[in-house]
Amino acid sequence: MRFHPVPLAALFLFACQGGQEPPTRSAGVLVGDARVSMTAADAALAGPYEAADEDYHFGRITLRDEQTGDTHESDIHGYIRYPLDAVGPFPVLLLQHGRHQTCETGTGQAPVPVGDDNCPDLAPVVTPANSYRGYDYLAENLASHGYAVISVDTNDVNDNDSSAGRGDTGALARASLILAHLDAFREISAGGGNGFDHLVGRLDFSRVGIMGHSRGGEGVNRTVSLNSQQDRPHQIEAVFALAPTDYTSQPVAGVAFATLLPYCDGDVEDLMGSFAFDNARYQLAGDPYPKYQILALGANHNYFNTVWTSDDWEIHGTAADPHCGRQAPDNGRDTPAEQRALGQFFIASFFRYFIGQEQAYASWWSGQAQPPASACPGQQGPCSQRYPLSVHPGSGQRLLIDATADDSALRHNALGQPVSFEGFTRYGLCVTNGRAGEGCEVAEPSFAAAQQLYLSWQGPAVYRSELGQIDASDFDLLSLRVGVSHGDAAHAEAQAFDLVLTDADGRSASVLAAGTALFFPPGDAFDAGGSRKTTLNGLQVPLTRFAGLDLSRLVRLELRFGRTPAGSLQLTDLMLQKTSHLGIDLHE
C-alpha cells in the first residue's frame, strides 16, 4: 500500500490560565480555552466543477455471513457523482449507509417487511427507503472539488442480515458488497462497459477512501482486512467510520482511520466507535498511519443521513435529559442541518487531506486549528469545545511514555522507568467490558476499550513518571488522552492539573492543563435514560510551553493535582509527538 506523509494529529488542548470556563449551548459543555490562532479551511464551500449524477445496476452478487455461513443475494446498485466538466482522473471515494428500514410508510419511518429489497413504490402509502441517497449533500460537494463518489445501496443486506447477537451482523456482507462496487468501477476505468465508457481513464484507483455509517461503519472496517486478502486488493488508504457499530471487533490497520462518536447517539448509545479506535491504536507494529477519534457533543445517530429523519436519541434516552433531550431548555443538541454541516466538515476534510492530499486541511488534522464557522452550531465559531479530538499518530511520529496497557503500569512506564503515586485517595487500572461500559467504577459507563489509569484525589497529589533522560528535542508535543470520571458529581469543577517536566540539570517547567478535554460529562445518569458517560479525549501541549528546559535530557514527567479540592480522572496514552514533518512550526 502506498503511503503519503500524513499528520499525527491530536486534540490541541492546553491552558496557561487556570480553571474551567463557563459552559456554552448546554450546562454541561465546556467552552474550550485552546490557544489556536488558525482556523481550518472551510470544506462546505462548493468547488469549481459541476457534478454529474448517474444511477447504476451491475447485476447480483451472493453474500455470506462469516459466522453462520448463511447466504443471500444482493443487487450491485448505487449511484456515482463525479465532475462533469473535468477530465480527471478523480480520486475515488465510496460511502455505505447503515441498517435502517428498506420501506417507508406514509405515517413515517415504520418498517415494512418485504423481503429481498422488493419495496413497492405505492406513494404516498409505501415507498422505497433510499438510504444510499442520504449523503448526497456530501457527495455533490466532494464531486465539485474533483472527486468521484460512489454511494452504495445496502438495503439487500439490511433485509437479510441478522440482528445483534447472531452471526456477524452483516459485516462480511457489507465489506464484500463494497469490494464488488470498487471492482466494477475499476474495470470501468480500465476498459469501460456497463454504460460508463465515458469514465475510461477518469477514476484514480491508486488512492481510495471509504466511509460507512452505523453498521456501514463496521462494514468499512471489515473491508480493510477483507481487501488485504484479495488477489487484486484496492489501494484503500483512508477509512472513516461514522457512528459505527463494532459487534465483531474489526481490526483496522494500514490505513488512516477516523471515527466520529455522537454523544447523543440513542441507537449506538455505547459509542462503539471508541472501541474500534482503541483497538486500532497498536493493532499493527510499525503502522505509519494515524488514527483519530472525534466526539461530537451535540450529534445523534441519524441526522447525518437525510433519509433517516427521526431523532434516535429517545431509543435510549429521555426527552428531558438536560443535554440530549429535545424538551430540555438550553439543551446541547444540534439541528439536522447543523449535524450534516459538522459531518460534512469532518468527512470531507478527512478525505480531501488523506486521499486528495489537500494541504489546506493539515492544520485541523494536526490538531492545530479551530473548525471553520460552517461546522459550528448556528455557523458561529469558534467551537472546538464541541468536538474533542483524539489522535494516535503513526509509529514514526510518536514516542510512547505509557499506554497503561496492564497492571505493570502501576510500577513502571513503557520506557521501563519507575512510576509513583503520592497523595491519591484511590488509584489503579480499569477497562470497560464493552456495551455496558462497566468495569471502571469511578465512572460507569466509560466507553473506551483501552485500559485506563484512574486517579482520585482530595488534596495535593502527584503522579510521577521517570523518563530516564530521554531526548525529546525532535518532538513537538506532549500528549495524553484523558476523561473526567463522573462517579462523583461533587468533583465536577475540580479537574484542572499541572503538567511538569524536569530536565537532567534539575530545571522544571509547568503548564496548567484545563479546557475542552476535561469537561464534566453532561446529562442525567445513563442508566436512567440520561446521556452522562465518560470518554477519553486528547489533550496536547507544545513542548515550547515548557520554557527553559534542555529537551534533549528530560528525566521526569509529573501530573500534579491540588489546584482544586478534589477530583477524579481517567487517562492513557502519554506520549511525545512530532509535527515538524507536516510543515507546522510550533517553535515560533
Side-chain angles (χ1 to χ4, degrees), residues 1-2 58 61-67 74-78 80 91-99 131-132 135 139 147-158 160-161 167-187 203-260 272-273 275-277 279-280 283-284 287 289 291-292 347 350-351 354-355:
M1 180 172 291
R2 193 163 52 90
F58 294 156
I61 185 176
T62 299
L63 301 175
R64 181 174 62 87
D65 186 293
E66 197 158 23
Q67 295 180 15
S74 172
D75 293 324
I76 304 175
H77 170 236
I80 182 170
V92 173
L93 307 175
L94 181 145
L95 315 177
Q96 185 179 69
H97 65 84
R99 188 181 193 263
S131 296
Y132 75 108
Y135 313 104
Y147 295 80
V149 185
I150 301 162
S151 189
V152 175
D153 181 355
T154 317
N155 274 355
D156 281 332
V157 179
N158 291 346
N160 288 277
D161 71 346
D168 69 2
T169 66
L172 177 62
R174 289 180 171 85
S176 300
L177 190 60
I178 286 171
L179 294 181
H181 285 257
L182 292 177
D183 287 346
F185 277 102
R186 181 168 60 184
E187 295 306 312
L203 303 179
D204 182 359
F205 276 89
S206 70
R207 40 185 173 148
V208 175
I210 56 178
M211 183 280 281
H213 184 185
S214 192
R215 291 208 193 183
E218 190 160 358
V220 295
N221 292 351
R222 179 66 178 91
T223 302
V224 175
S225 56
L226 182 64
N227 180 61
S228 68
Q229 300 164 14
Q230 305 305 300
D231 292 336
R232 293 182 61 206
H234 292 278
Q235 298 297 313
I236 298 173
E237 295 198 0
V239 175
F240 197 108
L242 177 63
T245 61
D246 190 47
Y247 292 112
T248 51
S249 300
Q250 297 300 327
V252 183
V255 296
F257 173 69
T259 185
L260 188 147
M272 282 193 273
F275 310 150
F277 172 77
N279 291 330
Q283 181 68 227
L284 176 65
D287 188 347
Y289 289 87
K291 318 300 176 193
Y292 298 85
I347 297 167
F350 179 74
F351 288 132
F354 287 100
I355 299 300

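In this chain, numbering begins with 1 at the start of the sequence shown. For the numbers below, each heavy atom of this structure counts, side chains included, while hydrogens, waters and symmetry mates do not. Since the structure is predicted, the reported quantities are computational estimates derived from the model, not experimental observations.
Side-chain contact between H234 and D183 is present, with heavy atoms from C-beta onward closer than 4.5 Å. Side chains of M211 and F350 form no contact here, defined as non-hydrogen atoms less than 4.5 Å apart. H181 has its side chain out of reach of Q96: every pair of non-hydrogen atoms, C-beta onward, lies at least 4.5 Å apart. In this structure the side chain of T245 never reaches within 4.5 angstrom of the side chain of T169, judged on heavy atoms. Two residues are said to be in side-chain contact when any heavy atoms from C-beta on lie closer than 4.5 Å; F185 and I150 meet this criterion. Using a 4.5 Å heavy-atom cutoff, the side chains of S131 and T154 are not in contact. Under the 4.5 Å side-chain criterion, counting only non-hydrogen atoms from C-beta, S176 is not in contact with R64. Contact annotation: the side chain of R99 never approaches that of V157 to less than 4.5 Å [non-hydrogen atoms, C-beta and beyond].
Nearest heavy-atom pair, S214 versus G98, reported as atom, atom and distance to 0.1 Å: CB-CA, 4.1 Å. When all heavy atoms of I355 and P91 are compared, the closest pair comes out as CG2-CB, 3.7 Å. Closest approach of P244 to G217, counting heavy atoms only: CB-CA, 3.8 Å. Of all non-hydrogen atoms in A171 and E218, the two that sit nearest each other are CB-CG, 4.2 Å. A243 and H213 make their closest contact through CB-CD2, 4.2 Å (heavy atoms, listed as atom of the first residue, atom of the second, distance). In terms of heavy-atom proximity, S206 sits nearest to E237 at O-OE2, 3.8 Å.
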(request) Go through the steps for R207 and F354 under the test side-chain contact (heavy atoms from CB on, under 4.5 Å), then give the verdict. (result) CA-CA 9 Å; R207 40 185 173 148; F354 287 100; over 6 Å; no

(request) May I have the step-by-step check of side-chain contact (heavy atoms from CB on, under 4.5 Å) for L177 and D156, ending in yes or no? (result) CA-CA 10 Å; L177 190 60; D156 281 332; over 6 Å; no

(request) Give the intermediate values and the outcome of side-chain contact (heavy atoms from CB on, under 4.5 Å) for residues R186 and L203. (result) CA-CA 8 Å; R186 181 168 60 184; L203 303 179; over 6 Å; no

(request) Go through the steps for H97 and N155 under the test side-chain contact (heavy atoms from CB on, under 4.5 Å), then give the verdict. (result) CA-CA 9 Å; H97 65 84; N155 274 355; 3.4 Å; yes

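Formation of a donor-acceptor pair under 3.5 Å by the Q230 side chain with backbone atoms of L226 is found in this model. At least one donor-acceptor pair under 3.5 Å links the side chain of D168 to the backbone N or O of E66. Under a 3.5 Å cut-off, the side chain of D287 and the backbone N or O of G254 do form a donor-acceptor pair. Side-chain atoms of D153 do not come within 3.5 Å of backbone N or O of G78 as any donor-acceptor pair.
Annotation: the span from S151 atom OG to I80 atom CD1 amounts to 11.0 Å, rounded to 0.5 Å. Taking CG of L182 as the reference point, atom CD of Q235 lies at 11.5 Å (rounded to 0.5 Å). Atom OH of Y292 sits about 11.5 Å away from atom CZ of F240, to the nearest 0.5 Å. Atom CZ in F351 sits 9.0 Å away from atom CG in L94 (nearest 0.5 Å). Separation of atoms OG1 (T259) and CG (D246) is listed at 9.0 Å; rounding is to 0.5 Å.
Salt bridge D161/R215: present, at least one basic N to carboxylate O contact under 4.0 Å. With respect to E187 and R232, a salt bridge is recorded, a charged nitrogen being found less than 4.0 Å from a carboxylate O.
Partner of R174 under the side-chain hydrogen bond (donor to acceptor under 3.5 Å, both in side chains) criterion, chosen from N158, N221, T223: N158.
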